Amino acid sequence: MTVEQISQNKSCGGWHKQYTHRSAVLDCDMRFAIYLPPCTSAGEKVPVLYWLSGLTCTDENFMQKAGAQRVAAELGIAIVAPDTSPRGEDVADDEGYDLGKGAGFYLNATEEPWARHYRMYDYIVDELPKLIESNFPVTAVRSVAGHSMGGHGALTIALKNQALYKSVSAFSPITNPTQCPWGKKAFSAYLGTDKSTWNEYDTCYLMRNSDTMLPTMVDQGGADDFLEEQLKPEALTAAAEVHGHEINVRIHEGYDHSYYFIASFIEEHLRFHAEHLAS
């Protein structure tokens, strides 16, 4: 599994770098970004926070807008930001922003024309971590976080793979995709009409049916335009109560869905993850 570096920028004493590689799982070339804190230059291996971005995003949005490097440098955490979907001329796409390229939804598609390339779940859980751990000064200790569609991805992946992660957090996650327009459109296309298969990628369903839960932190903007129709944080809170899961869901009045919101609270998320990555 080889990687090709395409850019690098020094940041807060460490390095932000972009790479491309051929993904066997997705059957296309993929790009990801990694931030390596200063201590890795001296040979130290560090844990990894995987960041999953939202609809229409790439690996660049979080790394350029969230301002996470300063705190990651202090805490000694690497951050890996993959793309949100497969890319390429032969990869299926849709005219809408909420399906196709930029909208992989971190699942394994089973329906045509999506099934060949759209296997973001396997890519994030298995292929990408193996690639990162074999090419960079990092350990196998990891946590996962994300925003919007990426928050959905982070929460579902953590719930389904609790042995692989120390903690999970999300900003403005799509918590109940089987019950919102974004999720219904994507799941119908990627997974087909058998709605029983949709539940495997619905945080609320998974949480209601899990008697264990990783340390979890969720932040939601109270002025988010997508709050009631698409995100449904109250459904997440209700699902957590079924087994008494202690998840920290915070509503921040006045904040919207943008990276201004993420940048305001990313330090708290990084410190939350650092505590559990060190345990």
Side-chain angles (χ1 to χ4, degrees), residues 50-55 57 84-85 94 96-100 102-111 114-115 118-126 143-165 167-220 224 226-249 251 257:
Y50 288 86
W51 174 269
L52 309 183
S53 291
L55 289 166
C57 291
T84 51
S85 72
D94 185 83
Y97 74 95
D98 50 359
L99 184 68
F105 268 84
Y106 305 101
L107 50 72
N108 288 338
T110 57
E111 301 298 303
W114 314 101
Y118 284 77
R119 302 187 62 83
M120 288 298 294
Y121 176 87
D122 283 350
Y123 178 70
I124 298 298
V125 173
D126 185 51
S143 291
V144 62
H147 170 233
S148 193
M149 178 186 71
H152 139 78
L155 290 168
T156 55
I157 285 171
L159 276 160
K160 291 161 68 73
N161 301 276
Q162 297 191 42
L164 297 181
Y165 301 94
S167 53
V168 57
S169 73
F171 288 87
S172 315
I174 304 171
T175 67
N176 202 184
T178 62
Q179 304 301 319
C180 77
W182 277 339
K184 290 178 180 178
K185 178 179 179 178
F187 286 11
S188 295
Y190 295 144
L191 302 174
T193 58
D194 181 0
K195 293 185 178 181
S196 65
T197 65
W198 298 9
N199 290 331
E200 288 303 305
Y201 301 103
D202 187 291
T203 297
C204 290
Y205 175 85
L206 294 170
M207 193 171 288
R208 286 194 301 268
N209 288 277
S210 175
D211 56 7
T212 60
M213 185 66 204
L214 290 172
T216 303
M217 182 178 186
V218 175
D219 278 339
Q220 172 64 59
D224 192 320
F226 305 113
L227 180 61
E228 294 184 7
E229 184 179 31
Q230 303 281 13
L231 307 179
K232 303 182 182 297
E234 71 284 351
L236 179 65
T237 301
E241 291 174 350
V242 172
H243 290 286
H245 295 316
E246 295 183 4
I247 65 172
N248 187 9
V249 180
I251 307 296
H257 200 71

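Since the structure is predicted, the reported quantities are computational estimates derived from the model, not experimental observations. This chain uses plain numbering: 1 for the first residue, then up along the sequence.
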Is the backbone of [Y] close enough, under 3.5 Å, to the side chain of [X] for a donor and an acceptor to pair up by distance?
X      : Y      : result
Tyr190 : Ala115 : no
Gln162 : Thr212 : yes
Thr175 : Pro173 : no
Asp98  : Leu55  : no

- Task: For side chain to side chain contact (heavy atoms under 4.5 Å, CB included), just list the numbers for His147 and Ser172, CA-CA rounded to whole Å, side-chain angles, deciding distance to a tenth of an Å, and then say yes or no.
- Result: CA-CA 6 Å; His147 170 233; Ser172 315; 4.1 Å; yes
What's the spacing between [X] [atom1] and [Y] [atom2] if we round to 0.5 Å?
X      : Y      : atom1 : atom2 : value
Met207 : Glu241 : CE    : CD    : 11.0 Å
Leu155 : Asp202 : CG    : CG    : 10.5 Å
His243 : Arg208 : NE2   : CZ    : 10.0 Å
Thr156 : Tyr106 : OG1   : OH    : 10.0 Å
Ile251 : Glu234 : CD1   : CD    : 8.5 Å
Thr237 : Lys232 : OG1   : NZ    : 13.5 Å

- Message: Between Val218 and Leu236, does the side chain to side chain contact (heavy atoms under 4.5 Å, CB included) criterion hold? Intermediate values first, please.
- Response: CA-CA 10 Å; Val218 175; Leu236 179 65; 4.0 Å; yes
Heavy-atom side-chain contact between [X] and [Y] under 4.5 Å:
X      : Y      : result
Tyr165 : Leu214 : yes
His245 : Thr216 : no
Trp198 : Ser188 : yes
Tyr205 : Leu159 : no
Cys180 : Glu229 : no
Ile157 : Leu164 : no
Lys195 : Thr178 : no

- Message: Using side chain to side chain contact (heavy atoms under 4.5 Å, CB included), reason through Thr84 and Met149 one step at a time and then give a plain yes or no.
- Response: CA-CA 9 Å; Thr84 51; Met149 178 186 71; 3.9 Å; yes
List the atom of [X], the atom of [Y], and the distance in Å for their closest heavy-atom pair.
X      : Y      : answer
Phe171 : Trp51  : CD1-CH2, 3.7 Å
Ala235 : Asn176 : CB-OD1, 3.8 Å
Ala154 : Ala145 : CB-C, 3.6 Å
Lys160 : Glu200 : NZ-OE1, 3.1 Å
Gly54  : Ser148 : CA-CB, 4.4 Å
Ala109 : Leu191 : CA-CD2, 4.5 Å

- No-hydrogen, no-angle side-chain donor-acceptor test under 3.5 Å, Asp224 and His257: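 Yes - a donor-acceptor pair under 3.5 Å links their side chains.
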- Query: Going by atom types only, do Ser143 and Ser167 share a side-chain donor-acceptor pair under 3.5 Å?
  - Reply: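 Ser143 vs Ser167: donor-acceptor pair found between side chains.
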- Checking side chain to side chain contact (heavy atoms under 4.5 Å, CB included) for the pair His152/Leu52: CA distance, chi angles, key distance, verdict? CA-CA 9 Å; His152 139 78; Leu52 309 183; over 6 Å; no
- Any idea how Phe226 and Trp182 line up, ring-wise: parallel (<30°), tilted (30 to 60°), or perpendicular (>60°)?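 Aromatic pair Phe226/Trp182 classed tilted.
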- Task: Fit a plane to each ring of Trp114 and Tyr118, take the angle between them on a 0 to 90° scale, and name the class: parallel (under 30°), tilted (30 to 60°) or perpendicular (over 60°).
- Result: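 If you compare the ring of Trp114 with that of Tyr118, the planes turn out perpendicular.
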- Under 6.0 Å between the ring centres of Tyr201 and Phe105?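 No - the distance between ring centres of Tyr201 and Phe105 does not fall below the 6.0 Å cut-off.
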